[in-house]
There are 4 protein chains.
Amino acid sequence: MGSTPQPRRGNTRQRIQDVAMELFADQGYDKTSLREIAERLDVTKAALYYHFKTKEDILNSLFEVLNRPVEELLAWGAEQPRTLETKQEILVRYSDALTAAAPLFRFMQENQATVRDLRIGHTMKHRVMALVDLLKDEDAPLSDQVRCFTALMAMHAGVFALRDAEGDPEEKREAALEVAVELVTRAHDHGPGGSAG
Amino acid sequence: MGSTPQPRRGNTRQRIQDVAMELFADQGYDKTSLREIAERLDVTKAALYYHFKTKEDILNSLFEVLNRPVEELLAWGAEQPRTLETKQEILVRYSDALTAAAPLFRFMQENQATVRDLRIGHTMKHRVMALVDLLKDEDAPLSDQVRCFTALMAMHAGVFALRDAEGDPEEKREAALEVAVELVTRAHDHGPGGSAG
Amino acid sequence: MGSTPQPRRGNTRQRIQDVAMELFADQGYDKTSLREIAERLDVTKAALYYHFKTKEDILNSLFEVLNRPVEELLAWGAEQPRTLETKQEILVRYSDALTAAAPLFRFMQENQATVRDLRIGHTMKHRVMALVDLLKDEDAPLSDQVRCFTALMAMHAGVFALRDAEGDPEEKREAALEVAVELVTRAHDHGPGGSAG
Amino acid sequence: MGSTPQPRRGNTRQRIQDVAMELFADQGYDKTSLREIAERLDVTKAALYYHFKTKEDILNSLFEVLNRPVEELLAWGAEQPRTLETKQEILVRYSDALTAAAPLFRFMQENQATVRDLRIGHTMKHRVMALVDLLKDEDAPLSDQVRCFTALMAMHAGVFALRDAEGDPEEKREAALEVAVELVTRAHDHGPGGSAG
DNA sequence: CATGAATGAGTGTTCATTCAT
DNA sequence: AATGAATGAACACTCATTCAT
């Protein structure tokens, strides 16, 4: 014979997502063409359109993996008392969610300009704002808001921005979490019952 | 001093840079076409090629505005003693440089995926790494490296990421600087002569 | 539980034809995709191919509804004497056939360029030419041929081209028929036994 | 030798219009691809986009050749008294305009479904409605409106629909004009000062 | 100092059609 | 009687870049 008939395997949708995630994270969304994704999978571009309505749709489907845990975290956090322990637990859980979806997160960070016009851009923005709201006290001074926001950024950094630095990934993650907790703790201490001045 | 770099009356080169900066910052590098830049200036695309060799060249020319002050800062910092005061001064000066080139910085942050393959991507990466080197003590533990790195990110955030939050830009900048100083101070205190354990 | 209605019996073929007719008439043949037809019916595109060999085949099947009455009319007309009364009766019957298959006719009129390459294009062309042959006298002058042809066009117009004008559809149809009869009568009067000069 | 360098000739825009008109009329708008147009001219598709913003824009540019004379005719007609002579003169002039832009007109007739969604579709519809308004008397009965409308259709037909019939084109045109005049005259005679009942 | 004209490579997307199940 | 999965060919359109003038 000569041509392997490529038995229509049923996992194509998943394989598209895997390859897309890899290429999006490596090269960026704009610079990754559907042709490239299709070629890697040895299918035609049209096959992608059987499984996803648009290019953005592929990205949306990837986003849900990250979005769901974060949404659950937000729901959980909204029901807890606004104690320091709660805040610390939120950071711990967020760190876990980040780690679980590390490539996507790196992607979001590096493609902000692109992602801004996409559906996931809006969603993501709201999620981060909601997280900050859970971490900061009401009417917190600007510098404390910055602390809480920076705490989240530290963890984002811990997952991917420090990837060029030496050291074990897990240790970096823990270091980032430590700094985040420190920042949020400081902000918390400034609050109504805090001790600092 | 020296010779005026614009011997001719024609300010087209400058106008190209202005428009490009605005569009790159607003829409991203990939999503800004030379056609769009040319149309805004009411010249043809070919005119752009009289002033710049490539699209990337326009970006490079914009980057120098930011790069020079930061390079000077690095040179200055390298000659200072590694005291806390020096580190604080570095942060103050960096904050100034950031503010002076805010749109470009926002652009760099939001277009990391694109910029990575470009010349300015490499340059920028080295600048940030060099800055962190000036801020952290040798052999600092990972968590202190994260603190120093996060300090820089806090200031980046203070310039643009917090732009959706309420409040006066100048106040945000000061808040970000305050948090950055705090982080670097903490890291410094952990050092050989520090007080923490 | 209640019964699941879904009378999904053997009427799919008919439902395809109904939806196709509607969409072809509304949007044109080229601009109506099989995907669209399938989606409206809540079946897959492949299901269409169980019932029809090609897209054109769906159209052909629709055409027969119109074609048969017109063919019968032609056969009947061919056996009648070439009197004015016969000609008037032909117009009346043609008007009926047109009304019965109004959407298809509108479609044929609006998609001439597309239909020309299709089987029904040829068929339709021959039918109209045969009709004109029944309406005009042999060796009629060019202007009378135009009258007969225009008579048919007036009726086509009466069915759909005037649909933007005010007025009741049935009245429009009658007005068109009146004008058509007038035109053919005039042509007839010019013939060998006619009175005009 | 081997490759003729094709000296950038300055008449490309015109050549695009010529080829497009021919192909649009022959094959229809949808079935004519920009690739085909470009290949005939031995330029790239991108060259077409230098001269026209979109495919529809090419068509629009062709339409103006027809549109201008008709618009002038409408303006002229609006200033004349509503006499029979005026109406006849309108038909004569319209016949001239039609002849001058015969291929485009054939195109409009055969691609109604496509043209409907395009800018020229709206324009054309208004032009024809305005023409009918000039030809018919106010409050004319439906059948007279049909006569006026049919008069226009007769002339359209005279230019292209009868192209399969035998005979000299100029003669066909005159025959069509004759029938049109006849129809409008009849409609006119039914008016306030008319003689018919 | 700048334009007019063009290119080559590419993009995301749509379509009618096929076929094993 | 119909689906799930896929294809190949096409499409309108955009882009950075070139170069003679």
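Each chain gets a letter, A, B and so on, in the order its sequence line appears, and its residues count up from 1. These numbers were taken from a predicted model, which means no experiment stands behind them.
Rounded to whole angstrom, the span from the CG atom of Asp57(A) across to the P atom of dG12(E) amounts to 14 Å. Atom CG in Leu48(C) sits about 13 Å away from atom P in dT18(E), given to the nearest Å. One interatomic measurement links the two molecules: CZ of Phe52(D) to P of dA12(F), which rounds to 15 Å at whole-angstrom precision. Note: CG (Asp42(D)) to C1' (dA5(E)) measures 15 Å, nearest angstrom. Summarising the geometry, the separation between CG on Leu59(A) and P on dG12(E) is reported as 13 Å, rounded to the nearest angstrom. One can place CD of Glu39(C) at 13 Å from P of dT3(F), the figure rounded to the nearest angstrom. Following rounding to the nearest Å, Glu36(C) (CD) and dA16(E) (C1') show an atom-to-atom distance of 14 Å. Atom pair Ile16(C):CD1 and dA1(F):C1' shows a separation of 11 Å (rounding to whole Å applied).
Between Thr44(B) and dG4(E) there is no side-chain N or O to OP1 or OP2 distance below 4.0 Å. Applying the 4.0 Å criterion to OP1 and OP2 of dG4(F), one finds that His51(A) has every side-chain N and O outside that range. The side chain of Arg35(A) places no N or O atom within less than 4.0 Å of a non-bridging phosphate oxygen (OP1 or OP2) of dG12(E). Using a 4.0 Å cut-off, some side-chain N or O of Tyr49(D) falls inside it from OP1 or OP2 of dC13(F). Residue Thr12(C) places at least one side-chain N or O under 4.0 Å from the OP1 or OP2 atom of dA2(F).
Taking the nucleotide of DNA chain F with the nearest heavy atom to each of Lys53(B) and Arg13(C), the more 5' of the two is matched to Arg13(C). Toward the 5′ end of DNA chain E lies the nearest nucleotide of Ala46(D), the other residue of the pair Asp30(A) and Ala46(D) mapping further downstream. Comparing Leu34(C) and Ala47(D) against DNA chain E, the residue whose closest nucleotide sits nearer the 5' end is Ala47(D). Between Lys55(D) and Tyr50(C), the residue whose closest nucleotide on DNA chain F is further toward the 5' end is Tyr50(C).
Using the Watson-Crick or G-U wobble rule with both distances under 3.5 Å, dG4(F) pairs with dC19(E). Pair assignment for dT14(E) gives dA9(F), based on Watson-Crick or G-U wobble hydrogen-bonding distances that are each under 3.5 Å.
Neither side chain, Asn60(C) nor Glu64(C), offers a donor N or O lying under 3.5 Å from an acceptor on the other.
Taking the centre and axis of the six-membered ring of Tyr49(D), the NZ or CZ atom of Lys55(D) falls outside the cone set by 45° and 6.0 Å.
Looking at Arg40(D) and Glu22(D), a side-chain N of the basic residue comes within less than 4.0 Å of a carboxylate O on the acidic one, giving a salt bridge. Using a 4.0 Å cut-off between charged nitrogen and carboxylate oxygen, Arg106(B) and Glu110(B) count as a salt-bridge pair. Here Arg127(A) pairs with Glu71(A) in a salt bridge; the nearest charged N to carboxylate O distance falls below 4.0 Å.
Of the candidates dG12(E), dA6(F), dT17(F), dA6(F) carries the atom nearest the Lys45(C) side chain, counting heavy atoms from C-beta on.
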